[in-house]
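Below: one structure, written as structure tokens.
Order of the sequence lines sets the chain letters (A, B, ...), proteins ahead of strands, with each chain counted from 1. Predicted model only: the values in this text are computed from it and were never measured.
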Amino acid sequence: MQQIINFIFKNSIRLLFLLLLTISLTLTIQSHSYHRSRFLSSANVITGNVYQRVNNVKEYFNLRTQNDNLAKENAYLKQLLYNKPDTVIASTELIPAGYEDIKVIQSKVINNSFNVHENYLTINSGSKDGVKPDMGVVNSLGIVGIVENTSKNFATVQSILNVKSQINAKIKKSNHFGSLIWNGKNVGYAQLIDVPRLATVRKGDTIVTGGRSVIFPENIPIGKIDRIFIDKATNYYTINVRLFNDMTNLGHVYVIENVKRKEVIQLEEQTKTDE
Amino acid sequence: MNSTLLLNSFRFVILLALQVVIFNNINFLGYINPLPYILFILLYPVNANRAGLLVASFFLGLVMDMFCNSGGVHTTACLVLAYFRPAIFRFSFGISYEYQTVKIADKLSPERFSFLLIAIVIHHFVLFLLEIFRFNFFWEILLRTLLATLFTLLLSIITIYLIKPSKR
């Protein structure tokens, strides 16, 4: 017993180091694994408020581009509105068919990272505004990411520029599905993998979100095909996609809630357990 | 003694604030950010309590991780640096460094430069290794370590020169 106490006293620094190292390594490994909630995130009260304040200042520097984007989007929506065949239709029916189950929450990016392999954004709406984990985040140009964690007033979003992200996408023209990933290299490009060789792909084709995802509605723009690689080992294409969104300059975003998502997931799980 | 504690707490907050508000947003060449917040660990008094340094570095890294959404990456890197700091001292200043009154925040000499360089390389290498966490990106880890080290080293030396008068 005496020896054990002596040992602890003699090596107290080393033991403290090992203890703290275990904690930090656990946190690190946890953050790298898929589908695990993160204990440390920039959505908590202190970090969220700091980022909100910093963003209040930074906002002034790109007000012009943000305003331009919003004005363009307004113009597009106005065009949709005026081109409706019947103007008597109530405003709720302006929403295209198939989109009734989608709720949209307006929000703003207050912190944006794009310089590491696992990038996250922080937005300034949280559970108070109805934001929940696994909701999609888009802006007027295309998709941005998926909500990962929420607090009362803030939420963190796993950006599409995250090597962990995997989003169902398709080629708009031919409806061939693939998965959108990011290889961690260039912030302007993402990769579409697992597209069958049967698909006719051409440079310049538009990539949009696919219908298999319950997070994003179908046909939200992602980007354009830039280069096509043929994987020799498998029968699939790997496609370099030039993103419509400039991920380094994000302002106003919309959080998308699929009202029927729960039902779909429940049904799928039930089917799995029945087998 | 009390003023040392006060000075270090002050440094802790100021360096973190500068890091989060300014240095994390530099994005030189798209992805290189200097990390001068580790000056807290480097400038910590040489003969002070080691356990205190370990705990302080742990929390320093933890706060950085909260802001960067990076899990425990900064925490681990800071801890490793804090733990190996005496070894780096011994390497740079000779075995009997504890008996001399070593001051890091002073005129740049070869010893101080080598101390800063080794410490920054160790911290950045651990950081990027854990951040990327995949061995097929090994060259990228080295490249990022190299570029960020140069950047941090430059900023650290400038910062040390800037704060020197206030410390005398």
Side-chain angles (χ1 to χ4, degrees), chain A residues 12-33 36 38-48 50-51 53-55 57-58 111-122 148-149 156-159 161-164 183-188 248, chain B residues 16-17 19-22 24-33 49-86 126-134 136-137 140-141 144 147-148:
Chain A
S12 61
I13 296 291
R14 189 165 301 161
L15 288 176
L16 179 69
F17 170 68
L18 287 178
L19 174 75
L20 294 177
L21 191 70
T22 321
I23 298 173
S24 60
L25 278 179
T26 316
L27 291 173
T28 309
I29 290 162
Q30 220 172 50
S31 80
H32 283 293
S33 60
R36 191 77 73 83
R38 334 176 94 238
F39 163 65
L40 299 169
S41 80
S42 63
N44 70 31
V45 184
I46 306 162
T47 51
V50 170
Y51 277 141
R53 260 149 220 248
V54 173
N55 188 59
V57 178
K58 272 206 274 184
N111 179 51
N112 183 6
S113 94
F114 45 85
N115 56 357
V116 289
H117 283 76
E118 289 172 14
N119 290 303
Y120 292 89
L121 323 168
T122 313
E148 173 134 336
N149 249 330
T156 51
V157 178
Q158 182 183 287
S159 154
L161 300 184
N162 187 320
V163 286
K164 288 197 294 185
N183 63 8
K185 286 195 180 121
N186 192 329
V187 293
T248 61
Chain B
L16 266 178
Q19 181 68 47
V20 169
V21 176
I22 300 170
N24 272 355
N25 295 313
I26 288 184
N27 292 323
F28 181 62
L29 295 184
Y31 58 90
I32 303 160
N33 281 334
N49 188 358
R50 280 189 71 192
L53 175 62
L54 277 181
V55 174
S57 321
F58 180 77
F59 283 107
L60 182 77
L62 208 64
V63 177
M64 270 305 286
D65 276 329
M66 278 185 192
F67 277 106
C68 298
N69 276 313
S70 49
V73 175
H74 284 278
T75 319
T76 317
C78 285
L79 262 181
V80 169
L81 175 60
Y83 183 72
F84 287 109
R85 197 180 78 135
V126 174
L127 180 80
F128 290 119
L129 188 70
L130 289 174
E131 187 171 84
I132 295 174
F133 214 60
R134 282 163 185 76
N136 47 354
F137 286 124
E140 199 172 339
I141 296 175
R144 280 189 183 216
L147 293 172

- If you measure from CG on B/Leu129 to OG1 on A/Thr28, what distance do you get to the nearest 0.5 Å?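 Nearest 0.5 Å value for the CG-OG1 distance: 10.5 Å.
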
- Query: What distance separates B/Met64 CE from A/Thr47 OG1, expressed to the nearest 0.5 Å?
  - Reply: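 Rounded to the nearest 0.5 Å, the CE-OG1 separation comes to 12.0 Å.
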
Chain B contact via [X] - which portion, at a heavy-atom distance below 4.5 Å:
X        : answer
A/Asn55  : neither
A/Arg53  : neither
A/Asn112 : neither
A/Thr122 : side chain

With a 3.5 Å cut-off and sequence neighbours excluded, list the donor-acceptor pairs that the side chains of residues 49-59 of chain B form with protein atoms.
from    : atom 1 : to      : atom 2 : distance (Å)
B/Asn49 : OD1    : B/Ala51 : N      : 3.1
B/Arg50 : NH2    : B/Tyr83 : O      : 3.2
B/Ser57 : OG     : B/Leu53 : O      : 2.5

Counting only pairs under 3.5 Å, give me each side-chain donor-acceptor contact of residues 18-25 of chain A, with atom names and distances, residues two or more places apart or in other chains.
from    : atom 1 : to      : atom 2 : distance (Å)
A/Thr22 : OG1    : A/Leu18 : O      : 2.5
A/Ser24 : OG     : A/Leu20 : O      : 3.3
A/Ser24 : OG     : A/Leu21 : O      : 3.0
A/Ser24 : OG     : B/Thr76 : OG1    : 3.3

- For residues B/Arg144 and A/Val116, report the shortest heavy-atom separation together with the two atoms involved.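 Shortest heavy-atom separation between B/Arg144 and A/Val116 comes out as NH1-CA, 3.8 Å.
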
- Query: Any side-chain heavy-atom pair from B/Asn69 and A/Glu148 closer than 4.5 angstrom?
  - Reply: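 They are not in side-chain contact.
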
- Query: Most heavy-atom pairs under 4.5 angstrom with chain A, which of B/Asn33, B/Val21, B/Asn24?
  - Reply: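 Counting heavy-atom pairs under 4.5 Å, the top option is B/Asn33.
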
- Message: Counting heavy-atom pairs closer than 4.5 Å to chain A, which one of B/Leu79, B/Ile32, B/Val80 comes out on top?
- Response: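 It is B/Leu79.
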
